[in-house]
Amino acid sequence: MSERTAHPHSEEDSTPSLHFIEQVVVDDLASGKHKQIHTRFPPEPNGYLHIGHAKAICLSFGLAESHNGLVNLRFDDTNPEKESQEYVDAIRRDVSWLGYTWNGGEFYTSDHFDSLYAFATRLIENGKAYVDHQDAATMAEQKGSPTSPGTNSPHRDRSVEHNLQLFQEMKAGDHPDGHCVLRAKIDMGHPNMHMRDPIIYRIKRSHHQRTGDDWCIYPMYDFAHGQCDSLEGITHSLCTLEFEVHRPLYEWFIENLNIFPSRQIEFARLNLDHTIMSKRKLLRLVEEGHVDGWDDPRMPTISGLRRRGFTPQSIRTFCDRVGIAKRENVIDFSLLEWALREHLNRTAHRAMAVLDPIKLVIVNYPEGQSEELPSENNPEDPSAGHRMMPFGRNLWMERDDFKEEANKKWFRLAPGKTVRLKSAFIVRYVDHIKRADGRVEEVHVEYFPDSKSGSDNSGIKAKGTLHWVNASTAIDAEVRLYDRLFSDAAPDGHEGQDFTEFLNPNSLTVRSNCKLEPSLQQAQAGTPYQFTRLGYFSMDEEHSAQAGHPVWNRSVTLKDGWKG
RNA sequence: UGCCCCAUGGUGUAAUGGUAGCACACCGGUUUUUGGUACCGUUUGUCAAGGUUCGAGUCCUUGUGGGGCAACCA
């Protein structure tokens, strides 16, 4: 056995650094505090999941996955007024799509309503909770403020028997909505506002998605979340920073109920620039028609990203790179884009498409003649094979690839320039035709027959390579180009200005006259392709069906290093 | 005039008292039948002031800056 140096930067030492939560997990496992960890992802089914949730999902599921633990998916359904089955279904689909399985089970807070009621009763019996009959405004006033203590409710010292009876009446429906609440009896002078006799049950006659009209009282978040964690045996309950001030209460209930001590640990939520992450605001985008729906490809929702063409793997890579810490953060949107490119460059098949076509005529290629030329499906992966590209005299080329006046830095077509047509021949400019308004319509070139791709004996050097599509076999398609939804980096960070003022008017560009190579006839909706030199695209099933012709979404551009 | 949390390049994130590293972005170069990819390189950082220590990004004190907390929401 060789002696190891203690040098911290030794190349032999490849121990990956752990973020602070994983460090806790590793320590708890090592110390024997837990034999197995058990986490949970607990969304309220009142909206669609977004990329911020993806971070939380990757954390809780990822931790369980890498430490042989369990994860529960728990729907936090304590407020029936805002929740619905539509959201439950969407959440399930999104978590599954990310590639995770809730191997600890699927739960609903409502599954635990009986236990929660029993817990509340126990608290009353121990003199730790009481029924308060004051109205909301009065209670708010008595609560004090962050800088001044609160005052006790006149109902604070009711007897256990009386409280028990009143709470039973609340449950039985003897009191109208809002008439009274159950409160934990803690300390109205506590410096932490959440400890000033928090409300733990309220009366709300609202039909519940799962329990119907069985209950007219529902527990508040603080009296449901931690208790469910405990009932489900959750060892590490991970949530975002805004719940930090709730932790003393979380622990107070564990102590006073004497139940399994789940541990709450908070981390900083994800913020992405040029977008918004609040469910409420995303809902407004949908309801006010700024986007087509929750799954609009410009939305930061999981379903929007999926439709945009993001892959589960790219989102998981992104979450991994973002890291876990307690510091407020704003992640560059470009990191998300990088994660997608990183995945798709390795895996997506290449195809040629012209989004803004002008005619390209090879004047010395015989009319009526054609041939098939092979083109590799993925230069990063030889096993992906190749496909045959029809080639002829009349082609489509990209309008951006021609310029009437060009300098030495212009590698594409222009008077005097020579370029290669990808996987085909080298061609030289001959002429071009303009419409009366000056718009270029047609470019004429001559080709060098001995410059064929793979057997080039011409000795000619071409600096630029252009993509093209054979005119007679091209597929007509519509392509939607997406840009950031907001032109401002922090649309909700301007006081006095609504975030909708910063919507990017050019976030969607529709190109309706695109030409695709014929192999794309077989393309499956949702399968990513790289359109050579343009970016990553996939066909949109819903839009295609609506339009009656193929509609493709651009997921992300290729990185453009040209500073022309 | 309270309580809690946080502070490392442009953006994130490591360094567990001992060489401030990595990724993204940016800029430059090499290769290239994608101005992509790959590879190489440059620039840029410990909020401040004291203290402890042989040694402080890390520990202590005090400031400064940022975030959170007063729904019968979660």
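Proteins get letters first, then strands, A, B, ... in listed order; numbering begins at 1 in each.
- Side-chain N/O atoms of A/R327 include one lying less than 4.0 angstrom from OP1 or OP2 on B/U8.
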Original post:
For RNA chain B, what string of dots and brackets results from 5' to 3' when Watson-Crick and G-U pairs need both distances under 3.5 Å, crossing pairs get [ ], and pairs with another strand get |?
Top reply: .((((((..((((....[..))))..((((.......)))).....(((((..]....))))))))))).....
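- Regarding A/K326, its NZ atom lies at a distance of 17 Å from the C1' atom of B/U58, rounded to whole Å.
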Original post:
With the sugar-phosphate defined as primed atoms, P, OP1 and OP2, and the base as all remaining atoms, what B/S/- string results for nucleotides 23-38 of chain B, 5' to 3', for protein heavy atoms under 4.0 Å?
Top reply: SSS-S-----BBBBS-
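- At a threshold of 4.0 angstrom between heavy atoms, the contacts of A/Q23 include nucleobase atoms, whether or not backbone atoms are also involved.
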Original post:
Could you write nucleotides 67-74 of chain B as a row of B, S and -, 5' to 3', where a protein heavy atom under 4.0 Å of any base atom gives B, of only sugar-phosphate atoms gives S, and otherwise -?
Top reply: SBSB-BBB
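- Relative ring orientation between A/Y117 and A/F167 is described as parallel, the plane-to-plane angle staying below 30° on a 0-90° scale split at 30° and 60°.
- A donor atom on one side chain and an acceptor atom on the other are not found under 3.5 Å apart for A/H190 and A/R196.
- Rounded to whole Å, the distance from CG on A/D320 to C1' on B/G12 is 13 Å.
- In summary, of the residues considered (A/T532, A/L534, A/L466), a side-chain contact (heavy atoms from CB on, under 4.5 Å) with A/M352 occurs for A/T532 alone.
- Counting to the nearest Å, the P atom of B/A15 and the CZ atom of A/F20 are 12 Å from each other.
- Between A/F531 and A/W552, the two ring planes are tilted [angle within 30° to 60°].
- Taking the centre and axis of the six-membered ring of A/W410, the NZ or CZ atom of A/K403 falls inside the cone set by 45° and 6.0 Å.
- The CG atom of A/N329 sits 11 Å away from the P atom of B/A14 (whole-angstrom rounding).
- The cationic group of A/K452 does not satisfy the cation-pi geometry with A/F425, failing either the under 6.0 Å distance to the six-membered ring centre or the 45° limit from the ring axis.
- Contact check on A/D400 versus A/R412 returns no salt bridge, with no Lys/Arg side-chain nitrogen under 4.0 Å from an Asp/Glu carboxylate oxygen.
- Among residues two or more places apart in sequence or in another chain, the salt bridge (charged side-chain N to carboxylate O under 4.0 Å, His left out) test is passed with A/D197 by A/R156.
- Ionic pairing of A/E376 and A/R350 is not present here: no N-O contact between side-chain nitrogen and carboxylate oxygen is shorter than 4.0 angstrom.
- Residue pairs satisfying the salt bridge (Lys or Arg N to Asp or Glu O under 4.0 Å) criterion with at least one member in residues 323-336 of chain A, sequence neighbours excluded, are listed as follows: A/E244-A/K326.
- Listed by first and then second residue, the salt bridge (Lys or Arg N to Asp or Glu O under 4.0 Å) pairs involving residues 129-148 of chain A are A/D132-A/R183 (not counting sequence neighbours).
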